[in-house]
Peer 1: 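One structure, as structure tokens, below. Some questions next.
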Number of protein chains: 2
Amino acid sequence: MTTIYDIADKTGLSASTVARALNGSGYCSDKAKKKVFAAAEELGYVPYQAAKTLKSSITNKIMFCIPDIMNPYYFDMIKGVTQTLEDYNYNILLAYTMHSPEKELEILNSLKGRYVDGLIFGSFDYNPTLIEAIKDTGLPTAITSFYENSEYHNYYDCIYANQSRAAWIATHHCIENGHTRIAFLGGDPKEQNTKERFEGYCRALEESGIPVDNTLIINANFTRELALQKFQQFIRNDGKCTAVVACNDLMGIGCMNACSMLGLKVPDDISIVSLDNTEYCLCTNPPMTSVDMMQGKVGTEAARLVMDRILNKRSYRTDIVFSPEIIKRESVKKITL
Amino acid sequence: MTTIYDIADKTGLSASTVARALNGSGYCSDKAKKKVFAAAEELGYVPYQAAKTLKSSITNKIMFCIPDIMNPYYFDMIKGVTQTLEDYNYNILLAYTMHSPEKELEILNSLKGRYVDGLIFGSFDYNPTLIEAIKDTGLPTAITSFYENSEYHNYYDCIYANQSRAAWIATHHCIENGHTRIAFLGGDPKEQNTKERFEGYCRALEESGIPVDNTLIINANFTRELALQKFQQFIRNDGKCTAVVACNDLMGIGCMNACSMLGLKVPDDISIVSLDNTEYCLCTNPPMTSVDMMQGKVGTEAARLVMDRILNKRSYRTDIVFSPEIIKRESVKKITL
DNA sequence: CTGTTAGCGCGTTCAC
DNA sequence: GTGAACGCGCTAACAG
């Protein structure tokens with residue numbers, strides 16, 4: 001490992017001159033600069049990050065913390081974040097919380113060790129404790145959902161696609177196609193995520209004068225497995241629907257799996273539209289209609305806003321909200337009464 | 001931000017006593033310890049990582065570098081790495097190279113800034129330059145393929161599932177089911193990855209006395225899109241096969257997509273078996289038979305071996321090779337002549 | 001234009 | 001058992 005002192009020795013200059021040459025800060029003759037660069041090249045010098053950080057307190061890293069690494073919803077977001085950060089010469093530190101609130105707080109607390117300069121945080125369930133912990137990190141932060149907390153309003157930015165509108169669009173699409181018995185396949189109804197999506201579903205129904213029927217609400221947990229099981233159970237218990245709105249692709253696919261096992265044909269016997277529009281939608285047969293939640297853009301803008309707070313010391317709140325878009329494929333059939 | 005000096009002030013002790021108390025190193029009375037911990041708790045003290053690192057030169061981070069973040073092949077591996085590292089209280093720094101050899105070298109060179117303690121490196125195409133760059137980082141390294149380089153033999157560990165055996169298994173499975181005209185859907189034939197898999201394919205054929213037919217070899221690039229296109233083209237050009245071995249799930253799915261567009265039924269008209277066994281195989285209809293490459297275990301063991309080199313200063317090579325396993329689903333049909 | 005000095009926060013001597 | 005002092009590598013302030 002070579003340091004500026006090695007370069008200083010080799011060139012006969014002092015360490016500070018070497019530092020100035022390398023950073024282009026302060027005065028330094030061209031001749032000295034040349035010598036320094038030559039020696040640095042020859043010695044394969046790369047500055048020691050820890051020392052730089054100790055001095056400047058900038059780490060060139062931001063943490064991206066998500067509930068579940070295996071959820072395809074986040075893949076595009078990871079990509080968006082990584083690619084954007086690359087332009088800033090920043091690295092991404094990936095953490096995941098396995099949906100555990102304790103784990104979330106633990107990670108946030110560890111951040112006080114300031115091993116990153118900023119934070120992009122995704123959660124299924126924001127709450128005041130969490131937001132306070134986020135604020136306590138003192139880090140420029142973007143969260144990937146909408147969450148309002150008047151006390152800490154300015155401590156974070158929100159970047160997200162409108163969840164309730166997404167569910168509205170999905171539901172409305174079913175209604176447009178003549179469906180009235182539309183099942184809702186959601187996650188834990190106590191979590192913000194499902195709540196918002198459920199709200200959009202209800203609104204679409206009500207706007208069209210279709211009453212919300214509680215027997216059509218199925219609660220799962222955003223996994224394919226449980227959705228499969230719950231939907232199968234729903235049908236076996238004589239559940240009657242002609243369409244289903246699934247709160248994410250994994251559950252949409254679980255639903256398709258169930259249909260296939262039950263001998264139900266999609267979209268002839270049952271129409272399915274899901275939310276997230278991950279690549280999984282292209283794997284199914286028929287390809288699945290799904291609502292694009294703009295995950296890639298959410299990642300990109302979240303990274304950009306965090307960097308804006310870091311670089312430009314912005315200290316007021318900025319939110320960016322995307323409008324979800326339905327991607328029509330072949331899992332929805334028009335029916336007529 | 002609070003430092004040991006703040007705690008020293010508050011407790012009336014010296015900074016070194018505080019440090020000793022906090023780390024449990026050196027002498028310290030129980031009474032002092034109690035006071036220190038109380039103050040640390042109250043002040044929300046978390047040690048400043050950069051300072052710790054500068055002193056100890058340990059970062060508690062390892063880099064996981066892969067060619068493509070969006071390739072589902074790596075999802076399980078990321079999970080395996082992350083979960084294992086968590087036990088060691090290590091964080092994962094995620095980088096991706098977009099298949100670019102220049103980018104690979106750039107990242108490896110940046111690692112000389114020692115902002116991580118170890119490296120897990122995945123590539124589609126190892127070569128002497130790359131391995132030398134890996135060795136030059138001076139970091140404990142695990143690579144997720146087999147690659148031999150006698151000069152730098154001991155500088156890295158290899159953790160992988162036997163690629164050629166995986167292709168052999170897939171091909172053999174087709175043969176067992178009566179197929180003789182088996183297409184091979186691969187990536188760039190110059191890359192190690194495809195080469196190994198192709199070798200297994202050929203061996204299985206030859207063992208059964210089936211000649212390798214070059215018209216059945218289709219080169220794509222591991223993406224769904226190109227596989228779809230290439231396979232469609234293959235069929236349109238009167239390509240005749242009853243089964244296809246796809247080198248990864250994405251291509252297997254592209255192939256299924258193509259079949260569906262061409263009006264070919266899987267598995268009645270054509271059997272498909274792919275490699276990787278990602279979750280995507282459960283999305284298709286019918287579910288796709290695929291060979292499990294043990295990605296999760298590869299990630300877990302790679303992390304473990306890197307940590308072993310770090311913690312126990314192991315300096316000799318250790319390889320772990322897993323045996324791939326076929327997961328039979330419904331995309332392969334037995335045919336009789 | 002260049003070198004000397006000091007200090008970022010922490011951990012580890014080594015005196016007391 | 002405790003505190004003063006030093007240094008990890010780098011940069012900024014100042015003196016020359």
Peer 1: Less than 3.5 Å apart, which donor and acceptor atoms pair up between the side chains of residues 136-145 of chain B and the rest of the protein, not counting sequence neighbours?
Peer 2:
| residue | atom | partner | partner atom | Å |
| --- | --- | --- | --- | --- |
| B:Thr137 | OG1 | B:Ile134 | O | 2.6 |
| B:Thr137 | OG1 | B:Leu139 | N | 3.1 |
| B:Thr141 | OG1 | B:Leu139 | O | 2.8 |

Peer 1: Please check: side-chain N/O of A:Tyr156 versus main-chain N/O of A:His153, any donor-acceptor pairing under 3.5 Å?
Peer 2: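 No: the side chain of A:Tyr156 does not pair with the backbone of A:His153.
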Peer 1: So if I take residues 28-39 of chain A and measure heavy-atom distances to DNA chain C, which residues fall below 4.0 Å?
Peer 2: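 Nucleic-acid contacts, sorted: A:Cys28, A:Ser29, A:Ala32.
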Peer 1: Please list, chain by chain and in numerical order, all residues satisfying side chain to side chain contact (heavy atoms under 4.5 Å, CB included) with B:Pro67, sequence neighbours excluded.
Peer 2: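 Result, side chain to side chain contact (heavy atoms under 4.5 Å, CB included) vs B:Pro67: B:Tyr74, B:Thr97, B:His99, B:Phe124.
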Peer 1: Below 4.0 angstrom, which residues in residues 3-21 of chain A have at least one non-hydrogen atom near DNA chain D?
Peer 2: A:Thr3, A:Ile4, A:Tyr5, A:Ser16, A:Ala19, A:Arg20
Peer 1: Just by distance, with hydrogens left out, do B:Thr53 and A:Tyr115 show a side-chain donor and acceptor under 3.5 Å apart?
Peer 2: no
Peer 1: Answer yes if the side chains of A:Asp117 and A:Tyr90 hold a donor-acceptor pair under 3.5 Å, and no otherwise.
Peer 2: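 Yes.
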Peer 1: Using a heavy-atom cut-off of under 4.0 Å over every strand shown, decide if A:Ser57 touches base, sugar-phosphate, or nothing.
Peer 2: nothing
Peer 1: Can you check whether A:Val321 reaches A:Phe146 side chain to side chain, under 4.5 Å on heavy atoms?
Peer 2: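 Side-chain contact under 4.5 Å: no.
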Peer 1: If the condition is side chain to side chain contact (heavy atoms under 4.5 Å, CB included), which residues does A:Ser100 pass it with, not counting sequence neighbours?
Peer 2: A:Glu102, A:Lys103
Peer 1: Residues of residues 40-56 of chain B with any non-hydrogen atom less than 4.0 angstrom from an atom of DNA chain D: list those, numerically ordered, please.
Peer 2: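 Within this stretch, B:Leu54, B:Lys55 sit under 4.0 Å of the strand.
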Peer 1: Could you tell me from which nucleotide to which nucleotide of DNA chain D, 5' to 3', there is an atom under 4.0 Å from chain A heavy atoms?
Peer 2: D:dG9 to D:dA13
Peer 1: Would you kindly check if the NZ (Lys) or CZ (Arg) of B:Arg317 is within the cone defined by 45 degrees around the ring axis of B:Tyr155 and under 6.0 Å from the six-membered ring centre?
Peer 2: no
Peer 1: Could B:Asp157 and B:Arg314 be called an ion pair, given the rule that one side-chain N must be under 4.0 Å from one carboxylate O?
Peer 2: yes
Peer 1: For a quick check under 3.5 Å, do B:Tyr73 and B:Asp68 share a side-chain donor-acceptor pair by atom type?
Peer 2: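 Checked: B:Tyr73/B:Asp68 side chains show no N/O donor-acceptor pair below 3.5 Å.
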Peer 1: Which value, rounded to the nearest 0.5 Å, describes the distance between B:Leu130 atom CG and B:Leu105 atom CG?
Peer 2: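 It comes to 6.0 Å.
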Peer 1: Tell me the ring-ring contact (aromatic ring centres under 6.0 Å, His included) pairs involving residues 35-59 of chain B, sequence neighbours left out?
Peer 2: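 Qualifying pairs, neighbours excluded: none.
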Peer 1: Measure the shortest side-chain to side-chain distance between A:Leu111 and A:Leu108 over non-hydrogen atoms and say whether it is less than 4.5 angstrom.
Peer 2: yes
Peer 1: Which nucleotide of DNA chain C is the first, and which the last, in the 5' to 3' direction, to come under 4.0 Å of a heavy atom belonging to chain B?
Peer 2: C:dG9 to C:dT13
Peer 1: Report, one line per pair, each donor and acceptor closer than 3.5 Å where one atom sits in a side chain of residues 295-306 of chain A; sequence neighbours left out.
Peer 2:
| residue | atom | partner | partner atom | Å |
| --- | --- | --- | --- | --- |
| A:Gln295 | NE2 | A:Asp276 | O | 2.8 |
| A:Thr300 | OG1 | A:Gly296 | O | 3.0 |

Peer 1: Before accepting this row, confirm whether a basic side-chain N of the pair A:Glu42/A:Lys10 lies closer than 4.0 Å to the acidic partner's carboxylate O.
Peer 2: yes
Peer 1: Through what angle, rounded to 10 degrees, does the axis of the helix from C:dC1-D:dG16 to C:dC16-D:dG1 turn between its ends, using five pairs per end?
Peer 2: 50°
Peer 1: For residues 18-33 of chain B, which side-chain N or O atoms pair as donor and acceptor with protein atoms under 3.5 Å away, sequence neighbours left out?
Peer 2:
| residue | atom | partner | partner atom | Å |
| --- | --- | --- | --- | --- |
| B:Arg20 | NE | B:Tyr27 | O | 3.1 |
| B:Asn23 | ND2 | B:Ala19 | O | 3.2 |
| B:Ser29 | OG | B:Ala32 | N | 3.1 |

Peer 1: Look at atom CG of A:Asn89 and say whether more than 12 heavy atoms of other residues, nucleotides or ligands are closer to it than 6.0 Å.
Peer 2: no
